[in-house]
Every structure is written in structure tokens, then in C-alpha cells.
Amino acid sequence: LLREKGIKKSDLTREEFLSHAWEWKEKYGGIILHQLKKLGASCDWERTAFTMDEIRSDAVIEIFIDLFRKGKLYRGKRMVNWDPSAQTVLSNEEVLYEEEKATLYKVRYQVAGTQDEWITIATTRPETILGDSAIAVHPEDPRYLHLHGKFAIVPLINREIPIIADAYVDREFGTGALKVTPAHDVNDYEIGLRHKLEVIDVLNPDGSMSDAAQLFIGLDRDKARKEMNKALEAAGHVVSTEDLIHNVGRSERTRVVVEPRLSLQWFVDMKSIAEPALNAVVNGEVNFYPDNLKNTYRHWMENIRDWCISRQLWWGHQIPAWYLNHAGEELVFVAKEESEALQEAKMKTGRSDLVISDLRRDEDVLDTWFSSWLWPISVFDGWKSQKEVDYYYPTSVLVTGWDIIFLWVARMIMAGYEWRGQKPFYDVYFTGMVRDKQRRKMSKQLGNSPDALELIEQFGADGVRYGIMASAPAGGDILFDEKLCELGRNFCNKVWNALRLVKSWEVDPSLPQDEGRALAISWIYSRLNEVNKELSDQYKQYRLSEAVTKLYSFVWDDFCSIFLEIIKPTFGEASDQKSYQSTVTVFEEICKLLHPFMPFITEEIWHQLRERETGDDCMMTLINQDSGQYNGEVDKVLKHVLEVKTSVLELRNQYQLSPKETIELIQPTDAELQDLWLIPGARFILQKLSNATLSEADNTGVAFISGKYQYYAVLNITIDKEAELKRMKEELAYYQGFIVSVDKKLSNEKFVANASQDVVEKERQKKADGESKIEQLLKSIELLN
RNA sequence: GGGUGAUUAGCUCAGUUGGUUUAGAGCGCUGCCUCGACAAGGCAGAGGUCAACAGUUCGAGCCUGUUAUUACCCACCA
């Protein structure tokens with residue numbers, strides 16, 4: 001950002017830079033909070049905290065000291081990942097590897113003391129040839145046995161380097177001979193240690209060639225590579241080049257190629273810290289949703305490496321370490337305050353004349369994740385007072401993306417056990433990662449992140465919330481598509497229109513409630529209870545997308561399409577008091593269920609339903625009580641009535657009959673249906689939804705099957721006999737085949753013996769139903785002839 | 001190289017302990033409907049040999065194995 005304004009880091013002091021950084025934090029931190037508020041996140045806005053504020057900062061410094069005293073923190077010279085652009089070290093987790101095309105150069109080195117004997121190595125980085133300390137071959141490689149102990153001459157700069165044997169070398173790769181550059185490759189460094197090789201660092205921190213390179217000094221490593229290649233070619237050293245696809249590590253932040261570099265850094269010894277955290281997840285003390293991430297976690301934890309925590313940046317917590325050169329040695333003092341460090345230094349050295357300016361504070365800051373891994377503790381002011389943290393800790397659930405499972409989640413668990421001896425949270429819910437339609441991660445570089453505020457503008461906050469949650473099974477990828485928000489918006493619209501409908505009804509207290517509406521009400525309560533129970537199960541398993549989808553279909557199909565259609569007064573009439581009140585109550589219950597997903601619209605509906613005053617009571621304080629039971633009987637009746645309704649509508653469609661024309665249905669003679677149609681209200685509902693009447697005349701008219709029963713419809717049209725016959729014969733064939741397959745099953749002794757009673761009974765029922773249908777169909781066909 | 005997933009309708013995805021010759025949703029598509037809440041809608045429809053093969057089982061989208069394709073994570077070869 002500063003770069004855009006033309007301000008360079010080198011132009012600023014640390015203090016100036018930090019003031020810019022704070023300014024940025026205030027601005028963008030504010031935007032993020034604003035977005036969360038707009039999305040209806042119900043957070044305690046009074047308690048926002050920031051890793052860099054005083055309380056959190058103190059905590060970070062204290063644990064640094066604590067770890068140092070426990071001997072779990074050390075300063076050492078290691079190969080680290082260097083970002084030449086940001087000029088800082090990175091942890092292993094901040095390096096992203098990607099396959100990239102590169103050129104593999106085969107370069108020949110002359111064997112020292114010979115006229116025309118050469119050894120050819122393969123490298124993708126010719127510029128590091130200038131830093132070569134040796135050439136390594138596999139000890140048993142017959143091609144190179146005669147060269148062991150001899151020397152080769154580094155091209156262009158004519159330095160003599162030994163030819164060594166090391167089992168690390170892969171005989172299959174390239175030429176089987178490896179140039180060893182200890183300063184610029186992790187493995188080469190290891191070889192260097194084994195063979196006591198010289199470390200020649202040919203790169204400056206900014207990635208340009210150093211004085212040690214002798215050639216191309218000051219030239220950037222990429223340019224130097226090209227120049228080096230040219231020079232080598234001109235001198236006849238390049239044997240061949242070929243394309244190679246290999247993994248290149250890039251800095252997560254700056255995207256530049258990471259440079260392995262030897263440097264002095266602070267590390268956390270992870271082995272002992274990791275163990276309790278590993279066990280916690282393996283033993284299920286901390287649960288992951290989805291739990292398959294457990295394996296990933298375990299693998300990482302079991303192979304954990306020390307954590308490089310120093311960063312050569314300004315923004316962050318400055319490392320609380322002071323150095324003093326004393327008797328040719330550099331002493332380290334870790335302390336909270338400068339004065340304490342000085343005190344320690346005086347004690348240690350016995351020099352009472354030391355002053356603060358004799359000490360040099362470490363310039364580096366701590367890795368941002370070192371500042372964050374205390375979050376579950378420090379967010380409750382855990383280092384200041386125990387009261388809050390004792391009350392809240394451990395928290396119930398951490399919601400985050402799986403991409404920071406190592407960077408953050410694992411380390412928070414470690415910190416929890418290290419400093420409180422207890423897990424930081426019971427559950428970790430890993431959300432899906434939002435990707436764009438091309439499956440790319442959302443990134444600032446690509447500019448493919450949707451603007452939450454813009455989406456809210458377009459689809460409403462509830463629509464956006466719905467859209468994201470409906471398509472977000474845990475742990476998977478979410479292909480972000482605005483279509484999903486549109487779905488949410490449409491759903492909001494549907495619910496809103498339902499409110500408009502209910503609000504439009506006149507209520508006449510003198511009207512009695514009819515039986516159809518009474519039946520519909522007991523049915524919707526039954527469904528509501530069923531759905532409520534299912535939702536609880538979903539929530540327990542963090543199956544949010546399933547939960548919201550279930551609600552969607554319950555509200556849209558059951559409540560709007562069926563229930564309201566039955567309840568709503570015929571045009572010009574008023575609603576009875578009882579039905580109206582029940583409808584409002586059910587609507588309120590629905591609001592409660594929907595509220596976590598769509599807080600804004602449900603809050604508004606909640607108030608309008610009973611004309612509550614704003615600020616009266618708000619939904620956030622409401623909890624769904626576990627109410628009644630699922631009523632199987634009522635549900636069964638409604639199911640059949642709706643089945644018949646669908647069949648009737650299908651019939652209308654087929655014969656292109658107007659919905660306004662009442663159809664007369666002949667009631668089937670099946671015994672159980674006699675009872676069903678005697679149920680008060682069942683006929684009413686059928687009449688209301690399909691504009692059809694039921695009568696008990698003889699079987700005439702067009703036959704159709706609804707569920708397992710055969711109905712006849714008296715239609716005021718001429719029937720295409722041939723077509724009807726054809727249709728019925730097709731149906732007949734289907735059921736005959738059906739019976740055959742059921743029979744096959746039932747005559748299988750093993751099936752009857754092994755399958756559960758229920759299943760066998762179901763099969764028998766199926767057979768009986770199928771047979772009765774066939775019988776009816778045969779009758780109809782006869783009738784038609 | 002090690003690991004974890006995925007493969008179901010044209011597209012994006014559900015499918016929770018194996019059980020109805022008939023596997024769901026949304027979008028898209030086709031037909032009809034502006035009928036007193038809702039066209040951001042209603043009614044209906046087409047569209048799937050559940051990646052392939054083998055196995056376990058009375059019975060497999062679901063369990064086991066192999067293969068193919070694919071995504072991601074970790075480790076890495078210059």
C-alpha cells in the first residue's frame with residue numbers, strides 16, 4: 001500500500017512505518033467489522049480485541065520469556081526460507097510449492113590436473129555454480145569411482161573443489177553428479193556439514209549476487225541465471241539443456257521464489273509442546289468436523305519440525321531479547337523490559353558499569369502466528385486476570401478454514417495445553433473454502449473475492465447468508481456463485497410474501513373453524529415437530545447446509561404451498577379466529593427456526609406478525625422449545641390427500657382442463673380408504689387444493705392411480721379410448737413386472753430367513769398392493785372396452 | 001514419494017448406520033398458467049446402466065479390493 005504511494009520502507013523509520021501500519025489496521029479492521037455487522041453476525045461488539053493491543057502483546061512477550069526459561073526456545077543458525085522481496089525469513093508453513101517449468105542445464109566441469117577430462121552435473125540454477133564447494137557422486141556409482149578424491153574446476157572462476165562421495169545423490173537423476181552449494185540448498189547444506197565444506201554465500205539478502213560470487217555482482221538472481229548461462233555456453237561448458245517440471249517454493253505473501261538461506265533465527269522446540277496437542281485430537285478430546293482432517297493433523301504433528309518464529313519485519317511483536325558482546329562472546333538476555341535485561345546482564349558479567357546503550361535489542365519481530373496462538377486464552381485477558389478466562393475457557397467451538405489448520409488451529413491447541421493444561425475448545429468446525437467458478441482460491445492478487453457489501457446490496461444480507469450456508473458442507477470446497485445468493489434472496493421473498501398473505505386476512509371471530517383447517521393445523525404442527533427434531537440432530541453434527549436445506553423445503557413446500565393454501569380464506573371471506581391464531585403461531589415457530597440463517601427478515605416478520613413494538617422483545621433471546629410430537633396418523637392422511645391432489649392436477653394437465661372446472665372423483669372401494677375419506681377435513685382439503693369432489697358412484701370415467709389406489713374421474717370431455725387403453729396397458733405391464741420381482745424376492749428362502757421382519761413384511765405388503773392394482777386395472781380396461 | 005478426499009441429471013451438489021422393479025435439490029431445459037401472497041412465482045414434464053471391473057450379502061449409490069480420472073494436503077530430486 002505504501003509502495004503504491006511511492007513510499008519505500010527504507011525511507012521510513014520503524015516508528016513512522018508503524019504509525020502507517022496502525023492507520024491501515026484501523027481502517028481495514030473497521031471495514032471487516034462493518035461487514036460482519038452487515039451480515040448480521042451476532043457478536044459481542046463491546047469485546048473486540050486485537051493481537052497487537054496491550055493485553056495481547058503482554059501475553060505474547062510473557063510466553064516468549066516463559067518458553068525461553070523452560071528451554072523450549074532457542075536461537076540458532078539454520079537453513080531457513082528467505083523471502084528476498086520482503087527480506088524476511090518465513091516458516092515452512094508460509095511457503096507454498098507449485099509445479100513450474102524450469103530448464104535443467106547440464107554443465108561440465110573440468111577435472112583438475114587433466115587435459116580433457118570432464119564431469120557433468122545437472123542444475124536448474126547455474127548462477128549458484130559460483131558458490132559451489134564440491135561435486136558429489138553416489139559412492140557406488142561405477143561411472144565416477146575413479147574420480148573420488150579428485151578435484152574439479154568451477155567454470156569461469158576456476159576455483160578447485162573436491163569431488164566427494166555421498167549416498168544422498170540420486171544416481172538416476174540428471175547425470176548422477178551433483179554440484180554442492182551449501183549456502184543455497186537445504187540438502188547441500190547437510191552434505192556440506194558431513195564433508196566439512198566451505199559455505200560460499202553468493203546472494204545478498206535482496207536476491208542479488210554478492211561479492212562472494214565474483215561475477216555478476218549486484219545482478220538479480222534471475223538475470224544472473226541468464227547471464228551465467230550465456231557465459232557458460234560461450235566458454236563451452238553447457239553440454240545440453242532440457243525442460244524440467246519441478247516444485248518451486250514461493251512466499252505465501254509476496255509470491256516470489258523463496259531462497260534457502262543460512263541465518264541466525266529464533267526457533268521453538270516443538271516436540272514436547274506438540275505431544276499433548278496431538279493426543280487431544282487423536283483421542284477425541286478435541287473434535288474435528290469433518291473428522292477426516294484428523295489424519296492430516298496427526299501426520300503433521302507426528303513429523304513436526306521446529307518453528308522459526310523470528311521475522312525481519314517491523315510490524316509485529318518485537319522479540320524481547322537483548323544482546324551484549326562480552327569477552328568476545330555474544331550474550332543473550334531475554335526479559336520483559338530493557339531494565340530487567342540490563343539487570344541480568346550486570347549480574348551475569350559482573351560489570352556494574354553497563355548502561356542500556358551497551359545492549360542491543362533484537363530488531364526482529366515475532367511470526368504473526370506466534371502472536372495468535374494464544375488467542376483462546378489472551379482474548380479473555382488470560383494473562384491479566386484469571387476470572388474471565390476461568391469462566392469462558394475452554395470455548396465450545398472454533399470455526400475456521402482448514403487452510404490454517406497448522407498455522408493456527410494446531411498451535412492454539414498446543415498453546416492451550418502448554419499454558420492452561422487444557423484444550424482451548426471442544427470442537428473445531430472447518431468451513432469449506434470459498435473458491436471461484438474456476439476452482440481458484442479467493443485471493444487479493446486475482447481480485448476474485450466477492451465484495452460482501454456489494455453482494456448484500458444485491459441480494460440482501462439474509463440472501464447472502466442463506467446462499468453461502470446452503471452450499472457449504474463442512475470441509476469441502478465452495479464454488480462461489482452468485483446464483484446461490486439469488487436462491488437465498490428468492491427464499492426471503494417467498495417468506496415475505498407468506499407474511500403479506502397472512503397479514504391480508506380479515507378475521508371474523510364469529511366464524512367456526514372448519515374440519516379441513518383443523519386437520520391442516522394438526523398436520524403442520526406434526527411436521528414442525530418432526531423438522532425441529534431433525535434440525536437438532538443436524539446441528540449436533542454441524543450439518544448446517546443440510547439443516548438450512550431442510551428448512552427451505554419445509555417452509556416453501558409444506559408451509560407455503562400446502563398449509564397456507566389450505567388455510568387461506570376463499571376470496572371475499574374472512575378467516576376464523578382459531579385458524580388465524582394457529583397460523584400466526586406456526587409462522588412464529590418457523591421464524592425461530594429460520595432465525596440463525598436469516599436473522600433480519602425473521603426479526604421483521606416476528607414483529608409484524610403480532611404487531612410487536614420495535615424493541616419490545618427480539619428474537620435473539622428466544623430458544624426453540626422442544627414442543628410436541630410427530631403425528632404419524634395425520635401425516636399419513638395428508639400424504640394421501642396430497643397424492644390424490646397431484647394426480648388430479650396431472651390429469652387436468654393431461655386433458656388441458658381449466659383449474660376452475662371442478663372435477664368429480666369416484667371414491668375407490670378399498671376398505672382403508674373408506675376410513676380415510678371419512679376423516680373430517682380430508683375431503684375439504686382435497687376440494688380446496690384440487691377443486692375436485694368425491695362421490696361414491698359406480699366406477700366410470702377415466703381411471704388413474706394415486707398412490708396404491710385407483711380412482712376414477714368423471715370428466716366432461718370425450719376420451720380417446722385408444723390412448724387410454726394404451727396407457728393402462730403400460731401401467732399393467734409395469735405392475736406385472738413389479739409383482740414378478742417382488743415374488744422373486746419372497747420366494748427366496750434366504751431372503752425370508754435373513755432379512756428383518758419389517759423388510760419382509762413390507763415386501764408382502766408391496767405384493768398385495770401390486771396385485772390389487774392389477775386387479776383394478778384389469779377391471780378398468782374391461783370397462784373401457 | 002506419503003496421505004486425504006472426490007467421481008451421482010446439461011451445470012453445482014445432497015444422499016446420516018446396506019432394504020420399495022420408482023436415487024433427491026437448486027439452476028438450466030420443455031409445456032401450460034398473470035388464477036386475489038408470491039413471474040424472485042405456480043402446476044406439470046424430460047433428463048441418471050450412481051466412473052469401471054471384481055467381491056461380500058437374500059439385497060449395494062452406500063461395505064471390501066483393483067483400476068481409471070481428478071482435486072487437495074504433506075514431503076521433496078539437483
Side-chain angles (χ1 to χ4, degrees), chain A residues 92-93 97 102 104-105 121-125 128 136 168-170 172-181 185-188 244 246-247 249 290 292-296 298-300 303 402-403 405-406 433 437 439 459 463 470-471 473 475-479 481 483-484 486-487 489-505 534 537-538 541 543 545-546 549 552-553 560-561 564-565 568 570-572 646 649-650 652-654 656 658-660 734-735 737-742 744-746 748-756 758-760 762-763 765-766 769-770:
Chain A
N92 297 320
E93 288 68 37
Y97 290 90
L104 186 66
Y105 302 89
I121 56 89
T123 182
T124 53
R125 304 198 55 191
T128 63
Y168 167 76
V169 179
D170 178 2
E172 307 299 318
F173 189 89
T175 61
L178 167 71
K179 73 189 234 4
V180 183
T181 322
D185 184 279
V186 183
N187 297 301
D188 289 12
L244 177 77
H246 70 154
N247 272 332
N292 56 359
L293 279 164
K294 254 168 108 161
N295 287 327
T296 312
R298 180 169 57 199
H299 185 259
W300 187 77
N303 297 289
W402 49 259
D403 57 331
I405 181 170
F406 307 133
M433 295 296 294
K437 274 188 260 183
R439 265 184 203 283
F459 302 108
S471 62
D477 285 350
I478 304 168
L479 269 61
D481 191 339
K483 274 259 150 61
L484 302 165
E486 197 179 324
L487 193 64
R489 180 200 59 180
N490 293 355
F491 186 42
C492 291
N493 194 42
K494 185 74 182 179
V495 180
W496 186 251
N497 279 315
L499 175 74
R500 282 182 48 198
L501 175 67
V502 174
K503 295 292 285 178
S504 73
W505 297 342
E534 284 167 351
D537 292 342
Q538 311 274 32
Q541 301 169 66
R543 301 170 74 106
S545 63
E546 282 90 344
T549 307
Y552 178 94
S553 83
C560 292
S561 298
L564 290 181
E565 286 300 327
K568 82 174 175 195
T570 335
F571 177 60
T646 302
L649 293 181
E650 203 181 329
R652 282 188 201 280
N653 234 298
Q654 195 181 332
Q656 303 201 313
S658 157
K660 285 173 187 163
Y734 170 83
Y735 285 110
F738 179 75
I739 291 293
V740 169
S741 86
V742 176
K744 212 184 278 173
K745 226 182 231 184
L746 281 171
N748 184 336
E749 282 171 32
K750 284 182 180 168
F751 171 71
V752 180
N754 294 330
S756 76
D758 282 5
V759 174
V760 176
K762 253 191 214 164
E763 288 300 313
Q765 190 60 45
K766 261 157 61 182
D769 291 346

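All chains are named by letter (A, B, ...) in the order of the sequence lines, taking the proteins before the strands, and each is independently numbered beginning at 1. Note: hydrogens, waters and symmetry copies are ignored here, and every other heavy atom, side chains too, is used.
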Taking atom [atom1] in both [N] and [M], what distance in whole Å separates the two?
| N | M | atom1 | answer |
| --- | --- | --- | --- |
| B:rG47 | B:rG28 | C1' | 11 Å |
| B:rG24 | B:rG48 | C1' | 11 Å |
| B:rC27 | B:rA9 | C1' | 12 Å |
| B:rU16 | B:rA23 | C1' | 16 Å |

For this session: On RNA chain B, check which nucleotide each of A:His299 and A:Leu499 is closest to and give me the residue with the more 5' one.
Result: A:Leu499

Seminar exercise, completed: On RNA chain B, more 5' by nearest nucleotide between A:Leu484 and A:Trp505 is A:Leu484

Checking all strands, does [X] fall into the base, sugar-phosphate, or nothing category for heavy-atom contacts under 4.0 angstrom?
| X | value |
| --- | --- |
| A:Cys492 | nothing |
| A:Leu487 | sugar-phosphate |
| A:Thr124 | sugar-phosphate |

Problem set entry | Sequence-aligned protein contact record of nucleotides 16-21 of chain B, with B where the base is within under 4.0 Å of a protein heavy atom and S where only the sugar-phosphate is | B--BBB

Exercise. Is it true that the side chains of A:Asp769 and A:Gln765 contain a donor and an acceptor less than 3.5 Å apart?
Worked result: yes

Nearest to the side chain of [X] - [options]?
| X | options | answer |
| --- | --- | --- |
| A:Asn490 | B:rA78, B:rC73, B:rG41 | B:rG41 |
| A:Phe406 | B:rC73, B:rA78, B:rA37 | B:rC73 |
| A:Lys494 | B:rG41, B:rC74, B:rA40 | B:rG41 |
| A:Lys568 | B:rA37, B:rC72, B:rA78 | B:rA37 |
| A:Thr296 | B:rA44, B:rC73, B:rA37 | B:rC73 |
| A:Phe571 | B:rG36, B:rA78, B:rA40 | B:rG36 |
| A:Arg489 | B:rA40, B:rA78, B:rC76 | B:rA40 |
| A:Asn292 | B:rC76, B:rU4, B:rC73 | B:rU4 |
| A:Asn493 | B:rA78, B:rC76, B:rC38 | B:rC38 |
| A:Asn653 | B:rC74, B:rC76, B:rC43 | B:rC43 |

Exercise. Taking CG from A:Asn247 and P from B:rA78, how many angstroms apart are they, rounded to a whole number?
Worked result: 8 Å

For this session: Provide, to the nearest angstrom, the distance between the CD atom belonging to A:Glu93 and the C1' atom belonging to B:rC72.
Result: 17 Å

Exercise. Quick one: does A:Leu244's side chain get under 4.5 Å of A:Tyr105's, heavy atoms only?
Worked result: no

Exercise. So do the side chains of A:Leu564 and A:Lys568 get within less than 4.5 Å of each other, counting heavy atoms only?
Worked result: no

Exercise. Should we count NZ of A:Lys294 as having more than 12 external heavy atoms under 6.0 Å?
Worked result: yes

Seminar exercise, completed: Closest non-hydrogen contact found for A:Arg125 with A:Thr128 is O-OG1, 2.8 Å

For this session: Mind telling me whether A:Phe406 and A:Trp300 have parallel, tilted or perpendicular rings, with 30° and 60° as the class edges?
Result: parallel

Exercise. Taking A:Asn303 for the side chain and A:His299 for the main chain, is one N or O donor matched with an acceptor at less than 3.5 Å?
Worked result: yes

Exercise. So, the side chain of A:Gln541 versus the backbone of A:Asp537: is there a donor-acceptor pair under 3.5 Å, distance only?
Worked result: yes

Exercise. Is any N or O donor-acceptor pair between the side chain of A:Glu172 and the base of B:rA78 shorter than 3.5 Å?
Worked result: no

